Trainee: 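The structure is given below, and queries will be raised subsequently.
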Amino acid sequence: MNGMTNPSTAHVMKVTERPPIVMADGHGSWLRDTEGREYLDFIQGWAVNCLGHSPAVIVETLRTQAARLINCSPAFHNERMARLTALLAESSGLDRVWLANSGAEANEGAIKLARKWGGAHRGGAYEIVTTIGSFHGRTLATMSASGKAAFEPLFEPKVPGFVKVPLNDLDAMARAISDRTVAVMLEPIQGEAGVIPAGDDYLRAVRALTRERGVLLILDEIQTGIGRTGRLYHYENVGIRPDILTLAKGLGAGVPLAALVASSDAACFEPGDQGGTFGGNPLMAAVGCAVLETVNTPAFLANVRETGAYLAERLGTLATSHGHGEVRGRGLLLALALTRGDSNKVVTEAMERGLLVNAPRPDTLRFMPSLTVSRAEIDEMIRCLEPCLP
Ligand SMILES: *Cc1c(COP(=O)(O)O)cnc(C)c1O
């Protein structure tokens, strides 16, 4: 118990439905509210807290860097920005990195970069092919790029120039690419849509197709990147490499940090085209360095694959014994398809029992624990979830 009283939430702008609890502190896989109730957290800030809540390495990094240099303005290089961009370039095989504060901002940058590239190399073409069901963020352009049905009626008129095709339909993709196209933009696993994977063969074929047609491939790995699927970047599972890669979520382990990473051919921004007051500030960049140094080791990533396989197996057994559907996803980004009932009710009941899971759609539960989650915590999650299943 921390003795805090519940603060009023009256002045919080209501942009989403939130349960009537107020979170106060967290450690590892556990969160605690102001009334002292504990929750086993399999949401982790939407696949953000890749090392769990308040991990020692990030606390120490923030403490040390804050005492040294928090911000020197984007007008100057700083040592942590130099280091993080080098780590990202080396690990991705892409040469140029621009640091930002959110996934939407990185994707907005990717869209601008592709348009600039289209202006220079494709006779002014600016269309980007995206997929139905995709989610790329909540700025006006990234909402326009997203293939989320609920976004369609909102904030008209949208930013023009996005053509949407069904995921995993290569013929539709091939037909959608024209002289007006500059890029294809994909999530390798559609996260917000309910953990819908692009097939490995499909991803390889899209890579070949974009090369053949001379357009860029943008992979939005904001949810799948930074070890979430058992490799540092999901595209390594498939044996391809995009021209442009966007990262956020796990890259900051809970702090606002994102990256737009591009091949030197695609990286055609000139001074004045792109920027941002907080982008690349040493405090956040230091966290990104600590995250990559922790996650990008063979042992850490092998452990994610093993823990992911264990979670998938436990979910599979649970689904079979209760007559539910498939387990989808990769690594520690997994979903369980329900064959009956409403996943939102499961989420509410689980929360009452002290378990946090997410319902991206009414027939799907999503699991995105810390990459450091233990088998004992997975067992505890299954034990809590079982009585909540319809
Ligand atoms: C979360 C997410 C975004 C948006 O990131 P923000 O940091 O919320 O702006 C974009 N794309 C994907 C795939 C995401 O999961």
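Just so it is clear, the model here is predicted, and its values are computed rather than measured. Computed from heavy atoms alone, side chains included, the values below leave out hydrogens, waters and symmetry copies. Every number for a ligand or one of its atoms is a count from 1 in the order of the listing.
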Trainee: Please indicate whether any nitrogen or oxygen in E187 is less than 3.5 Å from any nitrogen or oxygen in ligand 1.
Mentor: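 Between E187 and ligand 1 (N or O atoms, distance only) the closest approach is not under 3.5 Å.
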Trainee: Is the shortest N/O to N/O distance between I222 and ligand 1 below 3.5 Å?
Mentor: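 No.
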Trainee: I'd like to know if atom 8 (O) of ligand 1 has any protein heavy atom within a distance of less than 4.0 Å.
Mentor: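 No, there is no protein heavy atom closer to it than 4.0 Å.
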Trainee: Please state which part of T142 comes within less than 4.0 Å of ligand 1, counting heavy atoms only: side chain, backbone, both or neither.
Mentor: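 The answer is neither; T142 stays 4.0 Å or more away.
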Trainee: With a cut-off of 4.0 Å, which atoms of ligand 1 are near a heavy atom of Q223?
Mentor: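 Result: 15 (O).
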Trainee: Could you tell me which atoms of ligand 1, counted from 1 in the order shown, lie closer than 4.0 angstrom to a heavy atom of N107?
Mentor: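 Near N107, meaning under 4.0 Å from one of its heavy atoms, ligand 1 has 10 (C), 11 (N).
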Trainee: Between H53 and Q44, is there a side-chain donor-acceptor contact under 3.5 Å, judged purely by atom types and distance?
Mentor: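 Distance-only check passes for Q44 and H53.
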Trainee: Would you indicate whether the side-chain heavy atoms of P282 and M81 approach each other to under 4.5 Å?
Mentor: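 Not touching, per the 4.5 Å side-chain cut-off.
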Trainee: With a 4.0 Å cut-off, would you call D273 and K112 a salt bridge?
Mentor: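 No.
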Trainee: Please say whether D220 places an N or O atom under 3.5 Å from an N or O atom belonging to ligand 1.
Mentor: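 Yes; at least one N/O pair falls below 3.5 Å.
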Trainee: Among all protein heavy atoms in this structure, tell me which lies nearest to atom 15 (O) of ligand 1, with the distance rounded to 0.1 Å.
Mentor: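 The closest one turns out to be K249 NZ, 2.6 Å.
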Trainee: For atom 6 (P) of ligand 1, what is the closest protein heavy atom, and at what distance to 0.1 Å?
Mentor: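 The protein heavy atom lying closest is G103 N, 3.4 Å.
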Trainee: Taking N or O atoms only and a 3.5 Å limit, does A104 qualify as a polar contact for ligand 1?
Mentor: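 Yes, at least one N or O pair falls under 3.5 Å.
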Trainee: Salt-bridged, R353 to E386, with N to O below 4.0 Å?
Mentor: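 Result for this pair is no, no salt bridge flagged.
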Trainee: When you check the gap from the basic side-chain N to the acidic O, do R231 and E236 get nearer than 4.0 Å?
Mentor: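 No.
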Trainee: Side-chain donor-acceptor pair under 3.5 Å between N296 and Y233, yes or no?
Mentor: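 No, no side-chain donor-acceptor pair sits under 3.5 Å.
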Trainee: In terms of atom number and element, which parts of ligand 1 are under 4.0 angstrom from non-hydrogen atoms of S102?
Mentor: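 Those of ligand 1 that fall under 4.0 Å from S102 are 7 (O), 9 (O).
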Trainee: Do you see a donor-acceptor pair shorter than 3.5 Å between the side chains of T142 and T139?
Mentor: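 Looking only at side-chain atoms, T139 and T142 do form a donor-acceptor pair, the distance falling under 3.5 Å.
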Trainee: Do the side chains of H324 and L318 get nearer than 4.5 Å, heavy atoms only?
Mentor: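 They are not in side-chain contact.
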Trainee: Please determine if F135 has a nitrogen or oxygen closer than 3.5 Å to a nitrogen or oxygen of ligand 1.
Mentor: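 In this structure, F135 places an N or O atom under 3.5 Å from an N or O of ligand 1.
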